Structure formats: C-alpha cells, structure tokens
There are 2 protein chains.
Amino acid sequence: MGVTIKEIAKLAGVSPSTVSRALTDAHYVDLETAERVKTIAKQLGYRPNALARGLVQRKSMAIGLIIPEIENPFYSEIVSGVERIATQRGYGVVVISGHSANGEQEVRALLGRQVDGIIHAGVYRTDTALPNLRAEGVPVVLLGRKLPGFMSDCVVANDRDASVQLTTYLIQLGHTRIAYIFGKNVSSGSTEKLAGYKEALEAAGIPVHPELVEHGDLEFHGGHRAAQKLLALNPPPTAILAGNDFMALGAREAILEAGLRIPEDISLAGFDDILFSSMKGIELTTAAVPRSKMGQLGAELLIKKIEQPDAEQIEQIILEARIVRRNSCGPAR
Amino acid sequence: MGVTIKEIAKLAGVSPSTVSRALTDAHYVDLETAERVKTIAKQLGYRPNALARGLVQRKSMAIGLIIPEIENPFYSEIVSGVERIATQRGYGVVVISGHSANGEQEVRALLGRQVDGIIHAGVYRTDTALPNLRAEGVPVVLLGRKLPGFMSDCVVANDRDASVQLTTYLIQLGHTRIAYIFGKNVSSGSTEKLAGYKEALEAAGIPVHPELVEHGDLEFHGGHRAAQKLLALNPPPTAILAGNDFMALGAREAILEAGLRIPEDISLAGFDDILFSSMKGIELTTAAVPRSKMGQLGAELLIKKIEQPDAEQIEQIILEARIVRRNSCGPAR
DNA sequence: CTGTTAGCGCTTTCAT
DNA sequence: ATGAAAGCGCTAACAG
C-alpha cells in the first residue's frame, strides 16, 4: 500500500489535518512545520490518493473524451490536443471510443467514474445521452460537431464555408459535373459540408444532381466504394469532392484502379489535411482543419466550464479551415 | 449530486448494505428484495460511484496507458486495441502521452489515480520509473519493447526476425549497398531491427558500413533528413530500409525530391504496415505488425495480472511480423 | 438472509 | 496555527 497522510502525521508529530493543509498549502500553516511535513512526505514518496481526494471534494480531476475511432488521424490528433492541455492543468483523460447506438453507455461509464466534464466528439445515430447530461449539470463540450436542437459549448470548424470554397474552386476550374461523397447523417460536419457544396453549386447556377451525391461513411473503404459507383455513372463526374481526406484517399484508389489519372481525367479534393494528403504522389487538395488545436481549445473550454460553473453563457468556438491547393485538382477536360 | 445507495435503501426499506449486495449480487440476498432494490435503483438512475467503490476495494477498475505520441498510427492503433479490451472488461483507460525524460512523471500521475495496472509503450532516455513500479507491486505490461535489465511481462513483435527477412529479401534482389535508417536508441524495437539488419548482412558476407546507418528518430521528418544524407553519399545506397513506415515515408519524399524513382533507382522498405503504406502510388514493402492485436493482448495480459496477482511467472508474448511485398523494392541496378 | 459497525484516505468545519 | 471529529459513498466483516 501507499504511504498515507496518517503515517506522515505520526512521523511529523502533527495531526493528519495539518499534514493535509501543509501539502495542499490551502490554509494557514506554520511555515516551519509545513516544511517538515513536506520533507517527510517526499522522503516517504507520498502520493495523494486521487480517489479519496475526489470522493470528499466531489471532483475527480479527470475528464472524459468520447470519440468514434482513435485510429483515425482526425481523432487521434484531437486526442493529442486534449491530452496535452488536460495533463498540463492536472486533469487525467479517460478515453472512450464510442460504438453504442446512442452514446448512453459511454456517458454512463464516464459519469460512473465521476469525471468532472466530458468532451464529446462522438457520432451517434440518435444522441439521447447529451440532454440528460445537461440535466445532471455535468459540463460538456462538443467537438467538431453540433447537435441539432441542443445548444452547447462547442469547438467546430467552419465546415460549410470550407466546402463552399472548395466547390467554388472546382467550379472555377471549369467543372460542372462535380460529385460529392457524403460522410454520415449523424455528423453535423457532413451535413454542413453538403450544404456548402450545394450552396456553391447553386450560386454558380449549376443544378444539383442527386445521383452525384454518394455516401462514404467517413471511411477509406466507403470512399472507395462511393467513387466506384460515381465512376460508373454516364457520364461520370469530372471532379469529386469527398467529405474527408480518408474518403478522398479511398476514392483516389478507385480512380487509379479504373485507370484514370488525377487530375488529368478527374479532379479530387477532400477535407482535413491529414499528414498523408501532403505526400508526394498523393498531393491532395483539401481544407486544413486544425485538429490538435481543436482538441486543445476544447479542453481549455471544458476546464473553464468545470472551474467556473457560474459562467452561464454558452461559448461556440468556430475555427476557419484553410484551403490547401495541391495537385489533385485541374481544369475540366 | 447523483443518487446514492442510501436513498435507495430508504425507499426500499432496507439497509445500505443490502442494497450494495443486491446491486453487486455478490452475496445471498432475498430474490424478491433484490428485484425491488434493482427496480428502484434503475428508476432513480443510480450510478455507482467508482471513486467510493475504488477507495474501499483498493481497486479503481482503471488502467494507465503510456505512449510516446498518439498521433502516430502505430500507437493510436495500440490505444484502440487496449481500449477495446479494457472497456469490454469493465476497465477505464487513462491515456498519457509521455514526454518527460524518464517516465517518472507519467507513472506518478497514473499511480496517484490509483490505476490497477499500467501498460507501458513509452520510450524514454532512461527509464527509472519502471523498477520502482515493480517494487510497488503494480502490475506492468511492456508493449512493443523490452527494457534491458528489466524482466517484465510484455507483448512485442519479433522485430529482429522481421528485419532479417526484409534485409535478406533486399539482398536477394541483388542489393549490397543497403542503408538502414535507425529509430531511437531507447526503443528496444529499433535496436532489435538494427541487429537483424546486421545479422542478415553478415550472413550474406556483406560488410556493414557505419556510414550507411543514419538516425531517423522514428519520425517522418527524421526519415526525410536521414535519406537526404544517405543520398548524398558517394556512392549512394541502392536500397534503404527504415525502422518504421513513418521514416520510410519520409525517406520516400526525399528520394522523390531528389528526382529518383522507386524502385527503379532505389528500393525502399519499412516496418509496421500502416494504412498509408498500402496506398496506390506508395505501395511500400514492409513488415506488418499487428498493432491493434498487440494492444488487445497487452490489455488482456495486464488484466490477467491484475486479477490473478498470485501467478508469479512472467509472460512474454512475441508476435511474428508478416512481410508484405509491394512495389517499393526492385532489383539492384 | 439482513442490519450494524467500521473504515478506505482524504478534506473540512468547528473548536481551541 | 493546529487538533478532533465528521463524513464523502461504498463495501466488508460480524452479528443476529
């Protein structure tokens, strides 16, 4: 077992309460005894028991982080950002990859662990857990998404605007038959991007063909499949915009497998700017979303909400995406 | 505040202990009262307080996971595997990306949170925390690495053998001037791979030129830099083996930037088989390490050690890597 | 089968 | 400035 405050108290010839005060330097303690206590604590290798402390203070100094899949660079960088800030501020991060239908399980698990707040970047069909969470008074920050009908603190990218920019760029290159690989209904980012795509098309007076919109499920293989379907169209699109780089990369595979060249035969663009999008031979045009930054801001916002529960106003931080033009887009044939 | 066991007890007309028993169904409880208690608990939305439970049981049902950088797909997939199994078994995962010099900080933070065990995939210059950990009696599983002079349960890939295979393959293709991009001294995997590289070379009667071994620090940019140096050699190598795919991909950039072709002018291989290594246009020959599997096995092993502290023997699980031949290696010119 | 008692390690009034 | 006492929510003997 670990060293307890009691043992230190005995050795220092003081009461446990004094040791507690000396170690947390909260209250008035004689400087000399405080020093003595600290020295003994260090000698003994004392480590405060976070469980005990959390129990009495009703504060675990832990935050929960819910994400759909950590293998996805988009999310792993978010985790990285969250983790950095949290650690820096003394909070632990309990990570849960969510796969339940509505997020209830994940939230319950986290709440059971008495986390002080939750950063929610999960994607669920119907998110029933969030409103309950609100009722419980647990601070929540939504990351990378908004939930329709649920006002909440959040950190999101300006997906719609990025989508408008990307689509407009494609139109300027002379494309009119532009396909869109949609992510998921449940992801607000996907919806926003689709809206941006349509908005840009309409602004240019180009009709929106439903057949040009395919589902890709945000995954590499989804993008692959979607592109295959799109290429089978008659006539096929001359440009494809995918809801994230993962799907774009999947689409890229399908395009190359079909013996087509990028961008000579078909233009391709995505969202996120993951590391591999910049690699030689890939060079995907995309919208760069500052993922790590999102995580950091999310953590900072959550901790602020935790430590200042009085502040009533909701904060929504919107990060602008930056369009990165590489070699995957060219003039329409 | 959440619902407590006391309130349930009052409503059910029984004592808190009975509630506790009914809910954890550990001991003999009248079936009828048990049902009544459970119903009330559900109605009230009772959620056991893990802090309180952990305090008395001296078991937090949480494990710590230390990794160098979660953005790296190698590690993020390990996290994924660990997380899956842990969640499945009722454990929470506290993730820490370690950046301290010796891992002390990370371990302290985790121990303070009373984790029941630690999965350690960190990479430190001098790892002073581990031996102390052993002394504390906290179960530890090393993941992807061994620590010299520290026998421990671990899950590792057979790096040396994979390296021998890869190097031998290159030799069979006619290469004799094979460069190696080394990872980090502190990573046992790196050392093992270097040893395998040398072993294969010597077995073929090819001298090992120190100038052909460069440090790449396990990072993309390190691989890039290392390859630049290697290409400046006179004569340059005809093949480059990198300690991981990240560095190999970095090297790939440098090679292409130098106007050379892969594999016509120079062959390239790596380790890990991350998703992007398989992509069209990249098609990197590599040794596939089952990362998610490693994480899963690591978690299973740790939980076993946690739940059966009596079992004294040390288990070392060694996973064979699978060589994946793609198009980045060709015959020597 | 169930209630009472005690206590996990720590913080926090309330006295002194 | 410090100690005594109480209690956070829960479980674990120990009686009964």
Side-chain angles (χ1 to χ4, degrees), chain A residues 1-38 40-41 44-62 90 92 108 111-116 136 138, chain B residues 1-38 40-41 44-62 90 92 108 111-116 136-137:
Chain A
M1 262 315 300
V3 182
T4 73
I5 219 175
K6 257 186 183 169
E7 308 175 35
I8 299 175
K10 193 164 291 176
L11 285 182
V14 295
S15 77
S17 359
T18 301
V19 174
S20 172
R21 285 187 278 246
L23 260 26
T24 55
D25 65 21
H27 295 291
Y28 321 77
V29 188
D30 183 90
L31 203 67
E32 198 178 320
T33 49
E35 283 309 321
R36 186 155 38 94
V37 167
K38 284 181 188 168
I40 295 176
L44 264 46
Y46 171 73
R47 219 183 305 114
N49 183 325
L51 262 37
R53 190 176 270 180
L55 186 58
V56 42
Q57 293 189 149
R58 291 143 180 292
K59 186 147 193 309
S60 63
M61 290 304 282
R108 278 189 70 81
L111 255 26
R113 287 186 191 283
Q114 309 298 114
V115 296
D116 298 327
E136 302 236 18
V138 180
Chain B
M1 261 317 300
V3 182
T4 73
I5 220 173
K6 257 187 183 168
E7 307 175 36
I8 299 175
K10 193 165 289 176
L11 285 182
V14 295
S15 77
S17 2
T18 302
V19 175
S20 172
R21 285 188 279 247
L23 261 26
T24 54
D25 66 21
H27 295 292
Y28 321 78
V29 188
D30 182 89
L31 204 66
E32 198 179 320
T33 49
E35 283 310 320
R36 186 155 38 95
V37 167
K38 284 181 188 169
I40 296 177
L44 264 47
Y46 171 73
R47 219 182 306 112
N49 183 325
L51 262 37
R53 190 176 268 181
L55 187 58
V56 44
Q57 292 189 149
R58 291 144 179 292
K59 186 147 193 308
S60 63
M61 289 305 282
R108 277 189 71 81
L111 255 26
R113 287 185 191 284
Q114 310 299 116
V115 295
D116 297 328
E136 301 236 18

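Keep in mind the model is a prediction, meaning the values are calculated, not measured. Per chain, numbering begins at 1; letters A, B, ... match sequence-line order.
- Counting to the nearest Å, the P atom of D:dC10 and the CZ atom of A:Arg113 are 15 Å from each other.
- Comparing atom distances between the A:Tyr46 side chain and each of C:dT2, C:dG7, C:dC10 picks out C:dC10 as nearest.
- Taking atom CG of residue B:Leu51 and atom C1' of nucleotide D:dT11, one finds them 15 Å apart after rounding to whole Å.
- Near DNA chain D, defined here as any heavy-atom distance below 4.0 Å, the residues from residues 2-14 of chain A are A:Gly13, A:Val14, listed numerically.
- Counting to the nearest Å, the P atom of D:dC10 and the CZ atom of A:Arg58 are 10 Å from each other.
- For the pair B:Leu23 CG and D:dC10 P, the interatomic distance rounds to 9 Å; values are reported in whole Å.
- Under the 3.5 Å distance criterion, with hydrogens and angles disregarded, no donor-acceptor pair is assigned to the side chains of B:Ser20 and B:Ser17.
- The distance from atom NZ of B:Lys59 to atom C1' of C:dG9 is 19 Å, rounded to the nearest whole Å.
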Output one line per pair: protein atom, nucleotide atom from nucleotides 13-16 of chain D, and distance, for all N/O pairs under 3.5 Å.
none

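- Among all heavy-atom pairs drawn from B:Met61 and A:Arg113, the shortest one is O-NH2, 2.7 Å.
- Closest non-hydrogen pair, B:Gln114 versus A:Pro48, comes out as OE1-O, 4.4 Å.
- B:Gln57 has a side-chain polar atom (N or O) that falls below the 4.0 Å cut-off from OP1 or OP2 of D:dA12.
- For C:dT12, the OP1/OP2 oxygens have no side-chain nitrogen or oxygen of A:Ser20 closer than 4.0 Å.
- Applying the side-chain contact (heavy atoms from CB on, under 4.5 Å) rule to A:Lys6 yields the partners A:Thr4, A:Pro16; only residues at least two apart in sequence or on another chain are considered.
- Checked against C:dG9, D:dT11, C:dC1, the side chain of B:Arg53 finds its nearest nucleotide in D:dT11.
- Checking C:dT12, C:dG9, C:dC1 against the side-chain heavy atoms of B:Asp30 singles out C:dC1 as nearest.
- Minimum heavy-atom separation, A:Gly54 to B:Leu51: C-CD2, 3.7 Å.
- Across A:Val14, A:Leu23, A:Thr18, a single residue satisfies side chain to side chain contact (heavy atoms under 4.5 Å, CB included) together with A:Val29, and that is A:Thr18.
- Between A:Arg47 and B:Arg108 the shortest heavy-atom distance is CD-O, 3.6 Å.
- Across the helix from C:dC1-D:dG16 to C:dT16-D:dA1, the helix axis at one end is tilted relative to the axis at the other end by 40° (nearest 10 degrees, each axis from five pairs).
- For D:dG9, neither phosphate oxygen OP1 nor OP2 lies less than 4.0 angstrom from any side-chain nitrogen or oxygen of B:Arg47.
- Residues forming a salt bridge (Lys or Arg N to Asp or Glu O under 4.0 Å) with B:Glu7 (at least two apart in sequence, or on another chain): none.
- Between the P atom of C:dC1 and the CD atom of B:Glu35 lies a distance of 14 Å, rounded to the nearest Å.
- The minimum heavy-atom distance between B:Ala52 and A:Leu55, with the atom names listed, is CB-CD1, 3.7 Å.
- Here the NZ-OG1 distance, from B:Lys38 to B:Thr33, works out to 10.0 Å after rounding to the nearest 0.5 Å.
- Looking at every heavy atom in both residues, B:Asp116 comes nearest to B:Arg58 through OD1-O, 4.5 Å.
- Between the CG atom of A:Leu55 and the P atom of D:dC10 there is a distance of 9 Å, rounded to whole Å.
- Contact annotation: B:Thr18 does not reach the phosphate of C:dT2 (side-chain N/O to OP1 or OP2, under 4.0 Å).
- Taking atom CG on A:Asn49 and atom C1' on C:dC10, their separation rounds to 8 Å, with Å as the unit.
- Here A:Leu44 pairs with A:Val3, A:Ile8, A:Leu11, A:Ile40 under the side-chain contact (heavy atoms from CB on, under 4.5 Å) rule; sequence neighbours left out.
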